[in-house]
Number of protein chains: 2
Amino acid sequence: MTKMATRLRIVEVERLKTACSTCSLQELCLPAGLNESELAAMDKLVDLRRQIKRGDHLYRVGTSLQSLYAIRSGFMKSSVLHDDGREQVAGFHMMGDLMGMDAIGTSQHLCDAVALEDSEVCDIPLKDLEALSRTIPSLQQHFHRIMSREIARDYGVMLLLGSMRAEERLAAFLLNLSQRFAARGYSSLEFHLRMTREEIGSYLGLKLETVSRTLSGFQAQGLIAVQNKHLRILNIDALRALVSPHGCRD
Amino acid sequence: MTKMATRLRIVEVERLKTACSTCSLQELCLPAGLNESELAAMDKLVDLRRQIKRGDHLYRVGTSLQSLYAIRSGFMKSSVLHDDGREQVAGFHMMGDLMGMDAIGTSQHLCDAVALEDSEVCDIPLKDLEALSRTIPSLQQHFHRIMSREIARDYGVMLLLGSMRAEERLAAFLLNLSQRFAARGYSSLEFHLRMTREEIGSYLGLKLETVSRTLSGFQAQGLIAVQNKHLRILNIDALRALVSPHGCRD
DNA sequence: GATTTGGCTTGATCTTTATCAACTTATGCC
DNA sequence: GGCATAAGTTGATAAAGATCAAGCCAAATC
């Protein structure tokens with residue numbers, strides 16, 4: 001304690017708050033499953049915290065990969081750009097999510113990451129993470145799990161984009177958000193959509209008008225209550241039924 | 001040489017052929033970039049080779065993850081199943097590709113892997129791979145790159161499914177196949193489609209009739225020549241132009 | 001070599017979602 | 001606090017692709 005205190009300066013207080021060992025997202029984030037001494041090693045790795053204002057980029061297509069980013073707070077989107085300017089939102093990311101993994105392969109970011117509200121991310125230098133995960137098998141394993149889960153999520157999005165109708169896509173989208181908010185201790189039935197209808201549409205492969213209409217339709221059926229970005233799920237079972245139409249499973 | 005010869009038995013000849021150190025796919029596959037002694041370590045890891053007959057499963061949804069699989073020869077598809085039986089092809093895989101990475105997160109396969117022609121895969125036990133990659137940084141790095149590239153590929157598919165029209169999807173699909181065949185030393189302009197129209201459609205989020213019509217359309221325009229599964233690209237630039245419509249880049 | 005079956009093509013029609021357009025409601029800014 | 005601008009809703013119409021249907025071709029089977 002005293003030894004530490006001597007080293008502290010005002011800026012470093014800020015840093016200390018970043019420590020994985022005291023972070024409430026520990027269980028969701030990269031350090032999940034580490035013991036105390038391993039957590040301390042993690043703390044050394046994650047020494048920079050970055051503020052991203054709403055609308056600002058965390059990284060851009062073509063930028064060289066420096067670090068992976070763990071979201072501490074806020075909400076972000078990542079999007080791929082087509083040559084002709086069309087934007088496809090590839091994902092929405094919230095606290096505890098790890099971003100930037102698509103760039104490891106080429107050392108260049110392949111998508112843009114933009115904050116949809118003021119956000120805070122932890123900077124995790126890839127080289128350091130790789131070095132540390134060579135000495136901490138459970139960190140290595142967890143990192144692989146996180147990358148794998150991203151692949152699995154992507155497969156889910158492909159299923160959605162490739163074989164669902166507009167209503168199913170929206171229902172699946174709302175249920176996914178609901179579940180993720182729940183996992184972070186927020187209400188699963190009432191939340192704030194941080195993205196525009198256009199961004200939802202882009203993610204789901206629909207036009208914004210279709211998103212709007214479909215949401216209105218859900219409201220008319222009594223499944224949800226929407227007012228702008230405020231959303232309340234009124235009948236979650238009905239939403240689930242929409243995604244898995246007849247419950248006919250073989 | 002003589003030392004090795006004494007150790008050989010007939011079954012082991014079979015194994016020897018599996019060795020990464022003598023595999024022609026070395027540069028495409030997991031061992032890319034390893035030196036000789038590292039390659040020898042890889043050889044010990046990959047000790048099982050498996051034959052998959054056309055139509056057979058390499059793994060199924062829900063099966064527990066044992067190994068990752070590197071394709072030595074043949075052609076496979078992976079597909080996600082919707083509750084109601086709809087199938088979405090998530091990818092086509094050929095020699096040098098690594099399969100099964102979606103299952104690391106949950107230790108259970110989330111998709112089915114089926115051989116589209118008689119194939120041969122190398123069995124790579126995940127635990128062993130993780131252990132070895134802790135001692136060989138370049139292997140670790142390459143493994144991460146491969147997972148990352150899978151994520152990047154998925155983003156590309158999302159872009160395709162979310163914001164391209166039927167013609168663009170087909171053109172992008174053909175160009176992707178062409179490029180992958182080229183990377184493996186085959187002709188980039190003339191190849192055999194190993195999947196049915198329905199499987200192409202499933203991958204691209206289209207119905208088989210649309211795939212057929214669109215291919216016929218390409219043929220009518222002189223872009224390709226198709227006869228059943230035999231395909232020849234006649235005007236690759238025009239195909240490229242279809243994917244990036246106006247070349248209007250900002 | 002005939003038969004069968006699965007895969008493919010092509011046409012006609014229907015459905016879903018996109019597009020175009022007008023208008024309303026928020027949000028942010030001076 | 002009002003004005004400007006962005007976001008969202010809703011309607012009318014158009015277009016892309018799905019669906020239904022018929023027939024064809026080719027490889028596998030007997």
Side-chain angles (χ1 to χ4, degrees), chain A residues 53-56 77 82 84 86-89 114 116-118 160-174 192-221 224-231 242 245, chain B residues 53-55 75 77 82 84 86-89 114 116-118 160-174 192-221 224-231 242 245:
Chain A
K53 282 238 175 315
R54 176 167 170 229
D56 282 356
K77 71 169 176 183
H82 195 114
D84 59 359
R86 274 176 285 184
E87 181 197 39
Q88 167 80 24
V89 173
V114 177
L116 297 183
E117 62 182 30
D118 291 358
L160 183 146
L161 291 172
S163 60
M164 290 190 186
R165 306 168 344 95
E167 282 201 337
E168 300 173 302
R169 294 185 198 190
L170 241 324
F173 172 70
L174 294 178
H192 191 80
L193 299 168
R194 289 116 212 265
M195 67 298 279
T196 66
R197 301 288 189 269
E198 188 167 20
E199 286 161 336
I200 297 174
S202 171
Y203 180 60
L204 298 178
L206 301 170
K207 291 294 161 187
L208 69 96
E209 294 95 328
T210 306
V211 173
S212 181
R213 269 186 255 273
T214 308
L215 288 177
S216 299
F218 284 176
Q219 183 155 41
Q221 292 173 259
I224 61 172
V226 251
Q227 190 168 32
N228 290 298
K229 308 215 159 164
H230 184 81
L231 192 135
L242 265 178
Chain B
K53 282 239 176 312
R54 176 167 170 228
F75 203 89
K77 70 168 176 182
H82 195 114
D84 60 359
R86 273 177 285 184
E87 182 198 38
Q88 167 78 28
V89 172
V114 177
L116 297 183
E117 62 181 31
D118 292 357
L160 183 145
L161 291 172
S163 61
M164 289 190 187
R165 307 170 340 96
E167 281 201 339
E168 299 173 303
R169 295 185 197 189
L170 242 323
F173 172 70
L174 294 179
H192 189 79
L193 299 168
R194 287 113 211 267
M195 67 296 281
T196 66
R197 301 289 190 268
E198 187 167 20
E199 286 162 337
I200 297 174
S202 171
Y203 181 60
L204 298 178
L206 301 170
K207 292 294 160 185
L208 69 97
E209 294 95 330
T210 306
V211 172
S212 181
R213 269 186 254 272
T214 308
L215 287 177
S216 299
F218 284 175
Q219 183 155 37
Q221 291 173 259
I224 61 172
V226 251
Q227 189 167 32
N228 291 300
K229 308 215 159 165
H230 185 81
L231 192 135
L242 266 178

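Here is how names work: the chains are called A, B, and so on, in the same order as the sequence lines, proteins then strands, and each is numbered from 1.
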Among residues at least two apart in sequence or on other chains, which ones pass side chain to side chain contact (heavy atoms under 4.5 Å, CB included) with A/Asp56? A/Ile52, A/Lys53

Is there a donor on the side chain of A/Arg169 or the base of C/dT16 sitting less than 3.5 Å from an acceptor on the other? no

Taking the axis from the first five pairs and the axis from the last five, what angle separates them in the helix from C/dG1-D/dC30 to C/dC30-D/dG1, rounded to 10 degrees? 50°

Drop me the distance from B/Leu116's CG to B/Leu193's CG, to the nearest 0.5 angstrom. 11.0 Å

Closest-nucleotide ordering on DNA chain C, the 5'-leading residue of B/Arg213 and B/Glu198: B/Glu198

Throw together a table of side-chain donor-acceptor distances under 3.5 angstrom for residues 203-216 of chain B, partners on residues two or more places apart or in other chains.
| residue | atom | partner | partner atom | Å |
| --- | --- | --- | --- | --- |
| B/Tyr203 | OH | B/Arg153 | NH1 | 3.4 |
| B/Thr214 | OG1 | B/Thr210 | O | 2.6 |
| B/Ser216 | OG | B/Ser212 | O | 3.0 |

Can you tell me if B/Glu87 uses its side chain to pair, donor with acceptor, with the backbone of B/His82 under 3.5 Å? no

Side chain to side chain contact (heavy atoms under 4.5 Å, CB included) filter on A/Arg54, not counting sequence neighbours, yields A/Asp118

Give me the residues of residues 202-210 of chain B where at least one heavy atom lies under 4.0 Å from an atom of DNA chain D, by number, or none. B/Gly205, B/Leu206, B/Lys207, B/Glu209, B/Thr210

What is the separation between atom CZ on B/Arg165 and atom C1' on C/dA18, rounded to the nearest whole Å? 12 Å

Integer-rounded Å distance: C/dT17 C1' and A/Glu168 CD: 14 Å

For B/His192, give me all partners under side chain to side chain contact (heavy atoms under 4.5 Å, CB included), at least two apart in sequence or on another chain. B/Arg194, B/Lys229

Heavy-atom contact window of chain A on DNA chain D, given 5' to 3' at under 4.0 Å: D/dG8 to D/dA12

Please write out each protein N/O paired with an N/O of nucleotides 23-30 of chain C under 3.5 Å, distance rounded to 0.1 Å.
| residue | atom | partner | partner atom | Å |
| --- | --- | --- | --- | --- |
| C/dA26 | O5' | A/Asn228 | ND2 | 3.3 |
| C/dG28 | OP1 | A/Arg54 | NH1 | 3.1 |

Salt bridge (Lys or Arg N to Asp or Glu O under 4.0 Å) pairs, two or more places apart, involving residues 196-206 of chain B: B/Lys77-B/Glu199

Roughly, in whole Å, what's the span from CG in B/Leu231 to P in C/dT9? 11 Å

B/Arg197 side chain near C/dC8 phosphate (N/O to OP1/OP2, under 4.0 Å): yes

Hey, does the side chain of B/Ser212 come within less than 4.0 Å of C/dT10's phosphate (OP1/OP2), counting only N and O? no

Quick one: CD on A/Gln88 to OG on B/Ser163, what's the gap to the nearest 0.5 Å? 4.5 Å

From CD (B/Glu168) to CZ (A/Arg86), nearest 0.5 Å: 4.0 Å

Any side-chain heavy atom of B/Arg169 sitting closer than 4.5 Å to one from B/Leu161? yes

Any chance you could measure A/Leu242, atom CG, to A/Met164, atom CE, to the nearest 0.5 Å? 10.5 Å

